[in-house]
Every structure is written in C-alpha cells, then in structure tokens.
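In what follows, chains are A, B, ... by sequence order, proteins preceding strands, each numbered from 1.
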Protein chains: 2
Amino acid sequence: MAATRNTTDAEEPTARQQAVLDAVLSLMVEEGDRLTMTAVARRASCSKETLYKWFGDRDGLLAATVRWQAARVRAGRYDSPTLDIATLRDSLKGFAATWLAVISSPTSIALNRLAIGHAASRKSNLGGIVLENGRFAIGERFRPVLEAGRDAGLLAFEDSETAFRTFFGLVGRDVQIRLLLGDALTLAPDEIERDAAQATDQFLALYGQAEPSTKVLSARQA
Amino acid sequence: MAATRNTTDAEEPTARQQAVLDAVLSLMVEEGDRLTMTAVARRASCSKETLYKWFGDRDGLLAATVRWQAARVRAGRYDSPTLDIATLRDSLKGFAATWLAVISSPTSIALNRLAIGHAASRKSNLGGIVLENGRFAIGERFRPVLEAGRDAGLLAFEDSETAFRTFFGLVGRDVQIRLLLGDALTLAPDEIERDAAQATDQFLALYGQAEPSTKVLSARQA
DNA sequence: AAAATGCCGTACCGTACGTTACGGTTCGGC
DNA sequence: GCCGAACCGTAACGTACGGTACGGCATTTT
C-alpha cells in the first residue's frame, strides 16, 4: 500500500539513458541538494531538451534514477535455503552484511535523503518507490529463508513479517538514521562482517529452536 | 563529533519568539516542504523583518525551531533506577514506549525530514542538532539505567553503548525509516505499549542475567 | 544529394522564494 | 503630549531553477 507504482511498468532504459541516470547518481552523491537539471545535462553531456523528452520532468528523471539504482542493487540472490543451522546462519549473516553495506553506501544515503525530502512534499512518491525496492523488497526475499528455517525446525515464530522486522532492527540499529542525518559514521568491511554476525547470533538467540544458552553469551559482546 | 553547536549556546527564546517557533512547527507538519518565510510570518502574525532580526536567516530560524522542540521533548525523566528486575523492566519499557511515541509523532517526522534534507546540502548542520538532541541525548540518559542494571547484577554487557544500540534497534526496527519515506504506518498507543514490551523482553533475553529461557519464549510472539 | 531525424549547446521565460527596504502603528518612558 | 524603539504589513529586488525554444551538427533515410 505504500507504493502506487511498481518497478516494471517502464521498459529498460537504453545505454545512453543509463549513462544519464548514472550521471544523476554521481551528482546526487557529490552535490546532494544541488541536483539541478542544468547540472545533470552538463554532467551527462546532453541537452536539457533531451532530458525532458526522455523523462518528462524532474520527478520523472528522479523516479527513473531510483528504479535504475534499485535494479542494480537487486542483483544479489539468496536461494537454496538448505536445512542445517550453519547454512541458515550463513544466509542470515549474508543478508545482514549485504543490507548494512547497502544502507551505508553513499549512493543509498543520497537516494534516501532525496526520497525523504520528497516525501515532505506530496507529489510523485519517490519515498514509496524507495520503500518498495528497498525495505519491502528485501523483506520479501527474506521471508522464504525464514520459513525454510522454520520448516526445518531451526526457527520458531508465528509471523515471519514480525520476525523479519526484529532482524531488521538488530541489523540496522541506529546506522541508517545517523548516516541520513549526516553523522560521520563509517563502516569498514570487517565491521560490517562483525556486526552482521552479532545481529545474526542475537536473532538466533531470540528465535532459534536449538539450545540457545551459548549463543546468548556470544551475542553479548560487540 | 557529530554536532558543532551545543544546545545551550543560545538563551531561552522569549514567549513571543516561542510562539513564532510553534508556528514554524505547525507549518512544518502541515505543509512539509512549503515552509517559506512568508508563510511563517503570516502564520505567526509577525513581519519578515522581525524574523530576520531575531533569527538571522532561514537556517537560524530552523535551528532555533529544532532546539525549541528538543527542549520540549527532553521533559521526560528517568531517574531512580532501582535494583529489582521488575523496576528495571519498567524503566526499559518506559524508555521504549517514549521513544516510539516520539519517532512516530508528526512533529518528529517533519523535523527529521527537514534535517535530513538539510544534511544533503552542507551548511548549518540541522542534522547534527537533531542527532545531538534525539538519538544521542536519549542514549546518554539511558546509560545510567543500563549501568545500574549491571551493577545490580541484572544485566551483563561489556559496553553500555553497544548494548544501547541493540535496544535502539529492537525498539525502532523499521518504524522510523518507513515513516520518513512516507509509509502510512500508524502506531496506536496500545501498539506502542505492546511493541515496547516485546522489545524490552527481547533485550532482557539477550542481556539479562537471570535465567532467560522463559523470557525467550515470551519474546517470540508479536 | 536532399530531406529528415536526433541530439547538443545555449539563450530565454516565468515563477518561487530568500532577503531587504519602507511606511504605518503601537507602546513604554519622560 | 512627544520621542524613540519595536514591530506589523507589504512592496520590491535579486537569484536560482524548472521548463521551453531555437540554431547548428551529425547520422540516417529516401
């Protein structure tokens, strides 16, 4: 209900158009707010007239950019949710690490800032598109993993959505809001791995079926 | 390090100025992006010249508004962290419920959207002010509660900051980002109570010293 | 070869908004 | 009753930016 447009109602952009959208992304990361149509045209070496012909108006360009970036992020796959605890843990940890890497990337930060600023106005919900391709998309891909874990007797929960929201909170904590507000928080790859592992252990301590006492202890450390 | 200005470097605004800042807040909630100086002057029944004399420029007005709202939210007190488990649980749950109520309030949403949009530009970090008075302020007030719990042998953790960040994640989950992006998520007071209780139980299951097996089970349900 | 199409670069228009300036009004002090 | 300060309401200015129009060049089509 949060998004009115799905992600497939527009055909794939041409190579030249993809170059334009990449220019928008780079400009967004570098200049943040100063994302002006003139600047996009200059960066992409195209005319404003072309921008308007291809994307309709500024909001259309931004929406196309969001979808373009979403298609790129959606690359990761997480099938084969096999049945032993080690594999499940790896799947969870992989999810967590991927998600942390995404939300801490400059592109994601700039994109979310833009969408949030847009949500303040009314028109053309970029926020809905971002939600649909970010938070909700990952939840949708996460559900089969959780339910396979439950079917294998490794996890116990009533509602997979609720369980996922807990995992989401354990993984993200205050990272996204701090980055969005401009905090100079940096996440090195090894930190991401460590935080992902901790969140996974904590999640398994809460929802795992196996004897969790040792997991609880290990989950207590940073 | 996230904020360059503290919250006490400006004297208390006069009653008339507070009325102006309240006008800014109400306008922010209603109009979102369309927060124009002319609109503020009209809403507050004052002249633009007065706005500029009192607050310097638009950013000064916004910064004063953020500080004014922060001073209002900071009202809640959480002392007397006594030593039994029931009181500790109540303190945690009270914290969680207050925080959920804050981040889901229209004022907080509008304020954070504004600050995040501002963080995209460079000048005058509203984001830092919001962080300092929101996320970091509550963490600072939370620390004594956690450490009292540890001193009483009820909690086990090495770093109180890390423990708090876990609690933060368990409480907030995806609520704030969804609301900021415009999702039509509503939190009724009884839902807040329930979610706060669940997050508290989950946190105690992870960090509590007492036998956690029953807590783990109760924390599994939504 | 000529016409057409697609696109770049740039100049231009209209508007929204931050900021300033100014005339008129209220009010406390003498 | 008068003065000056503070403040309201509004008009005016400058700029930034979304959107449009147009001339020129290259590639394709007929």
Using atom CG of B/Leu27 as one end and atom P of C/dC17 as the other, report the distance to the nearest whole Å. 12 Å
Is B/Thr36 close enough to C/dG18 that one of its side-chain N or O atoms is under 4.0 Å from OP1 or OP2 there? yes
Indicate whether the side chain of B/Ser108 and that of B/Asn112 have a donor and an acceptor atom separated by less than 3.5 Å. yes
Pairing donors with acceptors under 3.5 angstrom, does anything connect the side chains of A/Gln202 and B/Tyr207? yes
Going by atom types only, do A/His118 and A/Asp59 share a side-chain donor-acceptor pair under 3.5 Å? yes
Would you mind reading off the distance between B/Arg58 atom CZ and D/dG14 atom P, rounded to a whole angstrom? 22 Å
Just to confirm, is there a sub-4.0 Å distance from OP1 or OP2 of C/dC8 to any side-chain nitrogen or oxygen of A/Thr50? yes
Nearest whole Å is fine: how far is D/dC8 P from B/Gln17 CD? 11 Å
Per nearest nucleotide of DNA chain D, the residue lying toward the 5' end, A/Arg34 or A/Ser47, is A/Arg34
A/Tyr52 atom OH is separated from C/dC13 atom P, nearest whole Å, by 17 Å
Do B/Phe167 and B/Phe142 have ring centroids that are under 6.0 Å from one another? yes
At 4.0 Å (heavy atoms only), tell me whether B/Ser45 reaches a base, stays on the sugar-phosphate, or touches nothing. sugar-phosphate
Could you tell me how far apart A/Leu51 (CG) and C/dG6 (P) are, to the nearest whole angstrom? 17 Å
At less than 3.5 Å, do the side-chain atoms of A/Lys53 and the base atoms of C/dG6 form a donor-acceptor pair? no
Against the side chain of A/Met37, the closest entry in C/dG9, D/dG18, C/dT19 is D/dG18
Check: B/Lys48 side chain, D/dT10 base, donor-acceptor under 3.5 Å: no
Ignoring hydrogens and geometry beyond distance, is a side-chain donor-acceptor pair present between B/Ser160 and B/Arg143 at under 3.5 Å? yes
Atom-pair distance (CZ on A/Arg42; C1' on D/dC17), nearest Å: 12 Å
Do B/Glu49 and D/dC8 have a side chain to base donor-acceptor pair shorter than 3.5 Å? yes
If you assign each of A/Trp54 and B/Leu35 to its closest nucleotide in DNA chain C, which residue comes earlier from the 5' end? A/Trp54
Can you tell me the distance, in whole Å, between the CG atom of A/Asp33 and the C1' atom of D/dC17? 13 Å
